[in-house]
Amino acid sequence: MVSSPPTASPAIASTAEPVHAGDQIDAIRRGAPVNQEIAAPLMARVENADIKRVRAYPMQPPTIPHSIDNYQIDKNSNRCLLCHARANADKFQAPPVSVTHYMDRNDQFLATISPRRYFCNQCHVVQTDAKPLVANNFKDIDSILSEEHDKKAN
Ligand code: HEC
Ligand code: HEC
């Protein structure tokens with residue numbers, strides 16, 4: 001007879017939300033006492049809606065609106081460029097990388113992607129549906145300007 005694996009006891013509900021433990025960020029134990037095992041939260045899912053997201057400021061590298069599982073980037077091949085290279089963009093209906101991706105550090109334009117822009121994930125990242133661990137009240141410049149404009153108007 002196969003014995004079932006021991007279940008974590010006492011059962012503490014899994015929660016992706018951080019529990020406030022004296023204002024500390026306790027991302028790993030999530031407030032559970034050290035002698036208790038807590039069920040792991042569900043893994044976050046990569047957002048794959050194919051809808052471009054707003055940029056927080058003009059030079060922000062846009063976040064990736066599709067999943068990139070198993071997209072290989074190494075010395076010999078760059079999966080991202082299959083679709084995002086200027087030459088292929090029409091075939092895949094992908095936005096081609098912008099001109100900055102062809103510039104070296106002296107602002108000279110190269111024929112192919114600049115080595116410093118080769119490893120796309122250095123700057124571009126996917127987003128998941130995970131709940132943020134830390135609150136964020138960032139406002140972009142457009143909302144600040146329109147708030148000031150409204151204040152003056154009153
Ligand atoms: C199979 C083709 C394909 C591959 C491979 C691919 N993309 Fe994309 N990408 C697209 C398409 C099409 C879009 C337009 C939005 C959409 O349909 O998802 C896009 C959108 C984007 C955007 C958003 C641009 C913007 O202006 O908001 C970024 C950033 C991006 N991709 C980065 C990457 C990176 C980094 C990789 C490699 C890890 C990659 N893509 C691989 C097809 C691809
Ligand atoms: C060093 C950081 C960096 C790297 C590496 C990088 N990018 Fe970007 N990318 C940016 C920034 C910043 C922007 C927005 C401003 C601009 O266009 O330069 C951008 C813009 C883009 C856009 C939107 C272009 C547009 O006109 O809207 C796409 C698509 C993109 N990158 C894809 C890629 C792909 C694919 C790679 C890998 C081959 C890559 N990037 C590598 C920083 C980077």
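In what follows, residues are counted from 1 in the order of the sequence shown. Whatever order the structure lists them in is the order used to number ligands and atoms, beginning at 1.
- Contact annotation: Leu82 has no heavy atom less than 4.0 Å from any atom of ligand 1.
- Scanning the protein for heavy atoms near atom 28 (C) of ligand 2, the closest one is Val97 CA, 4.2 Å.
- Near Phe92, with a cut-off below 4.0 Å to any heavy atom, the atoms of ligand 1 are 12 (C).
- Near Phe119, meaning under 4.0 Å from one of its heavy atoms, ligand 2 places the atoms 5 (C).
- For ligand 2 and Leu81, the ligand atoms under 4.0 Å from any heavy atom of the residue are 38 (C).
- Scanning the protein heavy atoms around atom 19 (C) of ligand 2, the nearest turns out to be His101 CE1, 3.3 Å.
- Applying the 4.0 Å criterion to heavy atoms of Gln93 picks out, from ligand 1, the atoms 12 (C).
- Few gaps surround CZ on Arg53; more than 12 heavy atoms of other groups in view lie less than 6.0 Å from it.
- Of all the atoms in ligand 2, the ones that sit under 4.0 Å from a non-hydrogen atom of Gln60 are 14 (C).
- A donor-acceptor pair under 3.5 Å is absent between the side-chain atoms of Asp140 and the main chain of Tyr57, judged by distance alone.
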Which is it for His149 and Ser146 under the side-chain hydrogen bond (donor to acceptor under 3.5 Å, both in side chains) test, yes or no, and what are the steps along the way?
-> CA-CA 5 Å; His149 183 267; Ser146 73; over 6 Å; no

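- A donor-acceptor contact shorter than 3.5 Å is absent between the side chain of His66 and the backbone of Ala49.
- Under a hydrophobic clustering in which Ile, Leu, Val, Met, Phe, Trp and Tyr are joined whenever their side-chain heavy atoms come within less than 4.5 Å, directly or via other members, Leu81 and Phe119 fall into the same cluster.
- Taking all heavy atoms of Ala94, Ala89, Ser98 into account, the minimum distance to atom 42 (C) of ligand 1 is reached by Ala94.
- Interface of Tyr118 with ligand 2, defined as ligand atoms under 4.0 Å from a residue heavy atom, comprises 37 (C), 38 (C).
- Proximity of Ile51 to ligand 1, defined as any heavy-atom pair under 4.0 Å, is not found for any part of the residue.
- Comparing heavy-atom distances from atom 41 (C) of ligand 1 across Arg79, Lys52, His66 singles out His66 as nearest.
- Of the possible polar contacts, one joining the Asn88 side chain to the Leu82 backbone as a donor-acceptor pair under 3.5 Å is found.
- For atom 8 (Fe) of ligand 2, the set of nearby N, O or S atoms under 2.8 Å includes one belonging to His124.
- The protein heavy-atom contact nearest to atom 22 (C) of ligand 1 is Pro65 CD, 3.3 Å.
- Numbered from 1 in the order shown, with element, the atoms of ligand 2 that lie under 4.0 Å from a heavy atom of Pro62 read 13 (C), 14 (C), 19 (C), 20 (C), 21 (C), 22 (C), 23 (C).
- Remark: side-chain polar atoms of Ser114 are paired, donor with acceptor, to backbone N or O of Met103 under 3.5 angstrom.
- Closest to atom 29 (C) of ligand 2 among all protein heavy atoms lies Pro95 O, 3.4 Å.
- Contact between Val99 and Phe109 at its shortest, heavy atoms only, is CG2-CE2, 3.2 Å.
- Looking from atom 11 (C) of ligand 2 to the surrounding protein, the closest heavy atom is Pro61 CA, 3.6 Å.
- The main-chain N or O of Ala130 is found under 3.5 Å from a side-chain atom of Thr128 such that the two form a donor-acceptor pair.
- For ligand 2, the atoms closer than 4.0 angstrom to any heavy atom of Thr100 are 16 (C), 17 (O), 18 (O).
- With hydrogens left out, the protein atom closest to atom 26 (O) of ligand 1 is Arg55 NH2, 3.3 Å, a heavy atom.
- Closest protein heavy atom to atom 4 (C) of ligand 1: Cys83 SG, 3.2 Å.
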Does the pair Asn70 and Gln72 meet the rule for a side-chain hydrogen bond (donor to acceptor under 3.5 Å, both in side chains), with working shown?
-> CA-CA 6 Å; Asn70 305 322; Gln72 196 171 339; over 6 Å; no

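- A donor-acceptor pair under 3.5 Å is absent between the side-chain atoms of Asp129 and the main chain of Ala44, judged by distance alone.
- Smallest separation of non-hydrogen atoms from Cys123 and Pro61: O-CB, 3.5 Å.
- For the side chain to side chain contact (heavy atoms under 4.5 Å, CB included) test with Tyr102, the passing option among Gln108, Arg117, Arg86 is Arg86; the others fail.
- Taking 2.8 Å as the criterion, His84 counts as a coordinating residue of atom 8 (Fe) of ligand 1, since one of its N, O or S atoms falls below it.
- Under a 4.0 Å heavy-atom criterion, Pro96 is in contact with ligand 2.
- More than 12 heavy atoms of other residues, nucleotides or ligands lie within 6.0 Å of CG in Asn76, so this atom counts as buried by the packing criterion.
- Within 6.0 Å of the CG atom in Asn136, the count of heavy atoms belonging to other residues, nucleotides or ligands exceeds 12.
- In terms of protein heavy-atom proximity, atom 37 (C) of ligand 2 is closest to Cys120 SG, 1.9 Å.
- Here the protein heavy atom with the shortest distance to atom 34 (C) of ligand 1 is Cys80 SG, 3.5 Å.
- Put simply, the side chain of His84 never gets that close to the backbone of Ala89: no donor and acceptor are under 3.5 Å apart.
- From the protein, the heavy atom lying nearest to atom 12 (C) of ligand 2 is Met59 O, 3.2 Å.
- Metal site remark for atom 8 (Fe) of ligand 2: Cys123 contributes no N, O or S atom at a distance under 2.8 Å.
- Heavy atoms of Arg53 come nearer than 4.0 angstrom to ligand 1 in no pair at all.
- For atom 15 (C) of ligand 1, the nearest non-hydrogen atom of the protein is Asp50 O, 3.8 Å.
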